[in-house]
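Working notes, beginning with the structure itself.
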Amino acid sequence: MRYSPTRHVCFLFYFSALALLSSCSKPPAAPELSRRDAHPVEKVLFPQGVGPQEIRRLFGALNRDGRLDRLKPFFFDPSDATLSRVGRVVTRFLYDRALETEGFPAVLDRHIGAKNFSELAEWSQGTGAFLLPVLNLGLTDRRLRDLVVQDYGFISPKWTALLPSSEARPVLTDDEAKSWAQDAKTFFADAPLKASSRAAFMAFYPETGGPTLASQLLSFMATLTAKQKTDLSQSVARLSGNANRPLSGIAPLFESLRQHPSGILPFAIQKLEQEADLRSEFAALLFNHVYDSIGSTLFRNLKSTELNSRESRFIVVRRSIEEIVGRSKPADAPDYLLANLPIYLPTIVTSLWLEKLADSPENKTILDRLKAAKTGADVDLDIPIVAPAISLPIFTKKPNEATNEVNPVFVKELEALQLTEFHEALKPLANTPGLGNFHYDIAFPEPRLSFPEALNQLLRQCEQVRSFGDPALLARVFLHKLTGSPEYRKKFVELDKNDWLAWLHTRVIDHELWPVVKDLLFSEQGILSENGDTKRLLLSLFEEKPEYHAYLEKLFGQLKSLEVLDSAPAKQGSFLSFYIALNETLSQADKRGLVTLAESLSRLIEQSHGKLQGPLKELTFLAKNPQRLNDALTWIGETARANRTELLRPFAPWQANPAHTFDTHWDLTAAIVAGTEALPLARSIQAGLTLVPNRAAITPAEYAWLSRFVADGGWEQLFDFLYETTTRASWIEFLDTVQELERSGYLAEVLELLQRLKDERARTLAASLQSLQKTGELGQALRFLQALVK
Amino acid sequence: MSTSRRLAALKVRSAVAVFFFSTAVGLADERPVLPKPGPDLTLTGGKSPAEFFGARLANAACADRLKKAREAWVAKADSASVREAYLDTLEACGPCATREIESRKIISVTKTEVWNISDGSCYLDPKKYGKPAFDRMVKFLSHTDNYPAYKAGGLRNILEFVPLDPQTGALKPEWLTFDKPFYVFISVLGPTIFGETMSPQYVILNELKEAEGKWSLSFTGVTAPKGFRPPDVYLQAPSGKKSLVRPLRLPSVLGQWHLDAEGNLRYYTAADFGSLGFVSGFTSKLARHIILETLAHLYEAGAGEKP
C-alpha cells in the first residue's frame with residue numbers, strides 16, 4: 001500500500017491539534033511540591049466532561065511555573081463560551097470515547113506506529129512542497145467546513161477500494177500540466193462557464209431529488225461490451241477533434257426545439273386545409289411512389305427465399321407487392337384481370353430478373369449470403385451486385401401478321417406457374433388500344449450497385465410501365481383526413497404546444513423509430529439533403545409567416561449536427577446511437593436530466609471555445625487520448641457492474657442541497673486556482689491525479705470514527721471554533737511555542753505529569769500523546785504543520 | 001311531397017346549380033396563347049428594355065451584389081443554396097428578369113386544367129454586344145445538341161431534348177437543326193423530393209420563324225406519334241452518379257423563344273399541370289429559377305460572360 005499524504009492532512013491537522021490542545025490544557029507538575037502531596041493535576045477531575053473550568057484548571061496546574069504562559073491565549077484566556085465549544089467537541093469525540101477500541105487514542109497510536117507523521121513531514125519538505133500553499137488555501141477557507149461534511153465519504157475504505165490503483169492512473173507531462181493549469185485558471189474565473197457547469201451538475205438532481213440519473217448512467221455503462229466501449233471512446237474522440245465542433249451544436253438545437261414558436265403546426269395544417277390545390281400538390285410531391293416500399297419489403301422477404309425455385313421467386317415477389325398495394329383478386333372475381341395486372345406483370349418480370357441475377361457467376365456472393373440469411377445468420381446483404389438488364393414486352397407481333405399475341409416467354413412463365421386463367425384473360429388485351437405500355441425494358445445506368453438499390457431501380461422501372469397504384473391518392477386521403485378532422489387538428493395543436501425536445505426524447509429517439517427518421521432527414525434523398533428540394537417544399541408552406549420560415553430554416557440547419565453525431569465508420573456505433581440507447585433506459589424524469597446534461601455540456605464546450613487554449617478546449621484531450629477514455633469507461637463499467645450502489649454512496653450527502661454542494665466545490669476550487677501561481681498549480685494538477693484517495697488509505701475503524709465525528713456535527717463545531725478564534729499568526733505562534741517546549745524537554749515533563757491524572761480516559765489520551773512525543777513523531781507532525789501554516 | 005312540389009324543388013335546385021356553374025365558367029380563366037414575338041413590356045412596366053434593364057444595371061450597390069453572388073456561384077457551382085442566391089440576385093439586379101408565375105385554372109366537365117405560365121427576358125445591350133451576340137444565341141438554339149444538360153455546354157434544366165420522326169415515332173438524335181416543323185421529345189428538370197427527381201416531359205412541335213435580326217422558335221405540345229416510346233431519362237449528379245427521373249408526361253404545353261438584334265431575349269412557356277397543380281410558392285419559385293437560369297445560360301452564350 002502506498003502512503004498518500006493528503007488523505008491525512010485534514011485528519012491529522014485538526015485532530016492532532018485538538019489532541020495537543022487537550023493535552024496541553026493540563027497543568028505541568030509542580031517541582032517544589034513534596035512527593036507526598038497530591039499534585040494539582042491529580043485534583044483535576046472531569047465529572048461532566050471537559051468544560052471551561054476543567055480546561056483552565058488543568059492548564060493552571062500544568063503552568064504553575066509560568067513556562068506555558070505563551071499558550072495561555074489558547075487555553076486559558078478565551079471566554080467561557082469559546083472554551084465551552086471546544087470542550088464539547090473534546091468531550092464528545094475524544095474524551096467520552098477514549099477507551100473504545102476505535103477511539104482517538106487507538107487511531108493516533110496506529111499512525112505513530114506506522115511513522116506516518118515522519119513520512120508526512122518528509123513529503124512536505126520534498127515532493128509535496130509545492131502543494132502546501134494550495135492545501136493552505138483550502139484548509140483556511142471557510143467553505144472547507146461544508147466540503148468535508150459533503151465529501152468525507154470519498155475516503156471510505158470501501159469506496160477507495162473501488163478506485164484504480166495509483167499506478168494505473170495517467171501521468172501528465174510537464175507541458176500537459178501547464179496547459180491544464182492555464183485552462184483551469186480561465187475556466188474557474190468565467191461566470192458563464194460556471195453557470196453551464198452548474199446546470200450540468202444539477203441535471204443529476206431532478207425534481208425527484210435523488211441522483212437516479214447517475215445510477216442509470218452507471219447501469220448503462222455496466223451493460224456495454226468491450227467493443228461498444230471502444231466504439232464510444234472513438235466516437236467521442238472523433239467528435240472532440242472535429243473542426244466543425246459538432247458537440248457544440250447540441251445546445252442550440254435543443255434550445256430551438258424547446259423554444260419553438262407557437263402556432264407553427266396549426267398554421268401549416270390550416271393552410272393545407274384551406275388550399276385544396278396546395279394539398280393536392282403536396283400529396284403528389286411528397287408521396288409520389290410506392291416502389292421503394294415494395295423494394296424494401298422484397299429485400300427483407302428475400303432473406304427467406306430459395307431463388308432457384310420459380311415458384312418461390314414468384315411467391316415472394318407477389319407477396320411483397322401485395323403487402324403494400326393489397327391482395328390480388330381470385331380468378332372468379334369480376335375484375336380479376338384488371339385488378340391483378342399491376343401485381344402479376346411486375347411479379348413475373350422481377351422473378352425473371354432474379355433468375356438472371358442468380359445465373360450470373362459474379363453474383364455468387366449475394367447468393368451465398370442469402371443462403372446464410374435463411375439460417376438466421378446476421379449477414380450483410382447490402383453489397384454490390386451486377387444488375388442484369390432485362391427486356392420483356394408482354395405482347396409481341398405474331399409471326400407474319402399485323403396483330404399481337406402474348407409474348408411466348410411470358411406465356412411459358414404463366415403456364416409453369418399454372419396461371420392459365422390469367423393467361424387466358426390477358427390474351428384479348430394483345431390488340432386492345434388504350435391500355436398503355438406493356439413493355440418492361442429494364443436497364444441500369446450503373447451496372448454495379450447494391451442489392452437493395454438494384455431492387456429499387458428495377459421496381460421503379462416496373463412502376464413506370466404500369467403503376468402499382470396511385471400513392472398520391474392515399475396521401476390525399478391522409479392529408480384530407482388530417483386537415484379536415486377536428487380530432488387530428490387537436491392533436492396537432494397539442495403537439496404544437498408541447499416541448500418538442502421532450503417529445504423528441506420520448507417519442508422519436510429510440511432504436512425502432514430513429515432509423516426511419518434518420519433516413520427521412522439525412523439520407524441522400526432526405527429532407528435535409530442539399531441535392532433535393534424537399535426542405536424547400538416544406539419551407540414554402542411558411543412563406544407568409546417569416547418567423548416560422550426562419551425558425552424552421554434554422555432548425556433544419558441545426559438538425560444537420562445530429563447527422564455528424566450519428567456518423568461512424570462501418571460497423572461502429574456512433575455517438576448518437578449510444579445516446580439513444582442510454583435514453584431508452586431512462587425514466588421520464590431522468591430523460592429530462594439527460595437533456596439538461598447534454599445541453600449544458602454542449603453549451604460548456606461552445607462557451608469554452610475561444611476562451612480555453614489547452615486540453616479542455618473542445619475536449620481535445622479526448623481526441624488525443626481515446627485509449628484513456630476507453631480505460632475510464634472500462635473501469636466505470638466494471639465497477640458499476642458489481643458495486644454501483646457503493647460507488648454512489650459518497651454522493652449521498654450531496655442530495656440534501658445539491659446547489660449548495662456545487663457552489664461549495666466550485667467556489668473553493670476557484671479560490672484555490674485563482675490564488676495559486678501557475679507553476680505550483682500545474683504541479684498540483686500533475687500530482688493531483690495521484691492525490692485522489694488510494695485504496696485502503698484509511699482503516700475501517702478510522703473511517704467509522706471519522707464518519708461519526710462528521711455526521712454528529714463534531715467537525716463543524718471544531719471548524720467553527722478554530723475558524724473564529726484563531727488566526728494564521730496565532731497558529732504560527734502556537735506551533736512555534738509547542739516546538740520550543742518539545743525541544744527543551746519541558747513538553748515531555750508536562751506529558752509525564754498528565755499520567756498522574758486520576759481520570760482514566762484523560763490518562764489514555766495523554767498516554768497516546770506521550771507516545772507521540774517519545775517516538776519523535778510529534779516533532780515530525782510539528783514540522784509538517786509549520787510548513788503548512790507558513 | 002307532391003309531384004308538382006318535387007318538380008318545383010328540382011327546378012330551384014337546377015337554377016341554383018346553373019347559377020353556380022355559370023359563375024364558375026364565367027370566372028374561369030382563358031387558356032394561354034403565345035405572346036406576339038418581341039420584348040415583354042409587361043415585365044418592364046411599359047418601359048423599353050434598354051431603360052428598364054439599364055436602370056437596374058446602373059444601380060451600383062445592386063450590381064455589386066450581383067457580382068459577388070456570381071463569383072460565389074462560379075466558385076461553388078454545385079451548391080444549390082449558392083445557385084439560388086445568385087438567381088435571386090440576378091432576378092433583382094441583373095440583365096435578366098422574369099414575371100411572377102401566372103396560374104390559370106380551366107374547369108370543364110371532364111377535367112380541370114391548371115396552366116402555369118412562365119415568362120422571362122434578358123437584355124443584351126446592342127451597343128455593347130452588337131449583332132454577334134444575337135448570332136451566337138441563334139446558333140445555340142438552332143442545334144438540338146446544345147440543349148440537353150448531359151451535352152457539353154447544355155442547358156442545366158433540360159434533361160433530354162431529342163428529335164423524333166413524326167411518322168414512326170422513332171428518336172432521331174442525329175437530326176440536329178430546325179430546318180422544318182420539327183418534333184422533339186423534351187424532358188425538363190423538376191423538383192427532387194425525397195431523392196426522386198420529377199421531370200415534366202412533352203412531345204413538342206417546333207416552328208421556326210426567321211427574319212433579318214429576328215428569330216423566334218415556337219413550340220406546342222402534341223400527341224406523340226404512334227410508335228413513339230419515351231426514352232429513359234437520367235439525372236446526373238455532380239458526383240457522376242446517374243439516377244432515373246420520374247416522368248410527368250404532360251400533353252399540353254406551348255412556348256416560344258424570341259431573339260432580336262436589338263438585344264432582346266425572351267423565353268415564354270405555358271403548361272397544363274392538371275391534377276398536379278404546381279401552384280404553390282415552392283413550385284412557382286422553382287419554375288422562375290428554371291426559366292431564369294435557362295435565360296442566363298443563353299445570355300452567356302451570346303455575351304460571352306455570365307449575366
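Both backbone and side-chain heavy atoms feed into the values below; hydrogens, waters and symmetry mates do not. Labels below follow one simple rule: chain letters A, B, ... track the order of the sequence lines, proteins then strands, and each chain is numbered from 1.
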**Asked** If every non-hydrogen atom of B:Gly281 is compared with every non-hydrogen atom of A:Ser540, which pair is closest and at what distance?
**Response** C-CB, 4.5 Å
**Asked** Any ion pair linking B:Lys285 and A:Glu543 (charged N to carboxylate O, less than 4.0 Å)?
**Response** no
**Fill in**
Value for OG (B:Ser280) from CZ (A:Arg279), rounded to nearest 0.5 Å, stands at 14.0 Å
**Item:** Largest heavy-atom contact set with chain B, pairs under 4.5 Å, which of A:Asp277, A:Leu541, A:Leu539, A:Asp519
**Value:** A:Asp277
**Under 4.5 Å from a heavy atom of chain B, the part of A:Asp441 involved** = both
**Request:** For B:Glu196 and A:Tyr291, run side-chain contact (heavy atoms from CB on, under 4.5 Å): C-alpha distance rounded to whole Å, both residues' side-chain angles, the deciding distance at 0.1 Å, then the answer.
**Result:** CA-CA 11 Å; B:Glu196 184 164 70; A:Tyr291 67 86; 3.0 Å; yes
**Asked** Taking atom CG of A:Leu537 and atom CZ of B:Phe282, what is their separation to the nearest 0.5 Å?
**Response** 5.0 Å
**Message:** Given heavy-atom pairs under 4.5 angstrom as the criterion, report whether the side chain, backbone, both or neither of B:Phe278 touches chain A.
**Reply:** both
**Prompt:** Sub-3.5 Å donor-acceptor pair from the side chain of A:Gln464 to the main-chain atoms of B:Arg246, do we have one?
**Reply:** no
**Message:** Using 0.5 Å steps for rounding, measure from the OG atom of A:Ser529 to the CZ atom of B:Phe194.
**Reply:** 11.0 Å
**Item:** Residue that, paired with B:Ile193, satisfies side-chain contact (heavy atoms from CB on, under 4.5 Å) out of A:Leu538, A:Asp533, A:Ile527
**Value:** A:Asp533
**B:Thr283 to A:Glu281 - nearest heavy-atom pair and separation** = OG1-OE2, 2.8 Å
**Prompt:** Given a strict heavy-atom distance threshold of 4.5 Å, which part of B:Ser81 is in contact with chain A: side chain, backbone, both, or neither?
**Reply:** both
**Asked** What residue, out of A:Gln461, A:Gln457, A:His439, A:Glu275, has the most heavy-atom pairs lying under 4.5 Å from chain B?
**Response** A:His439
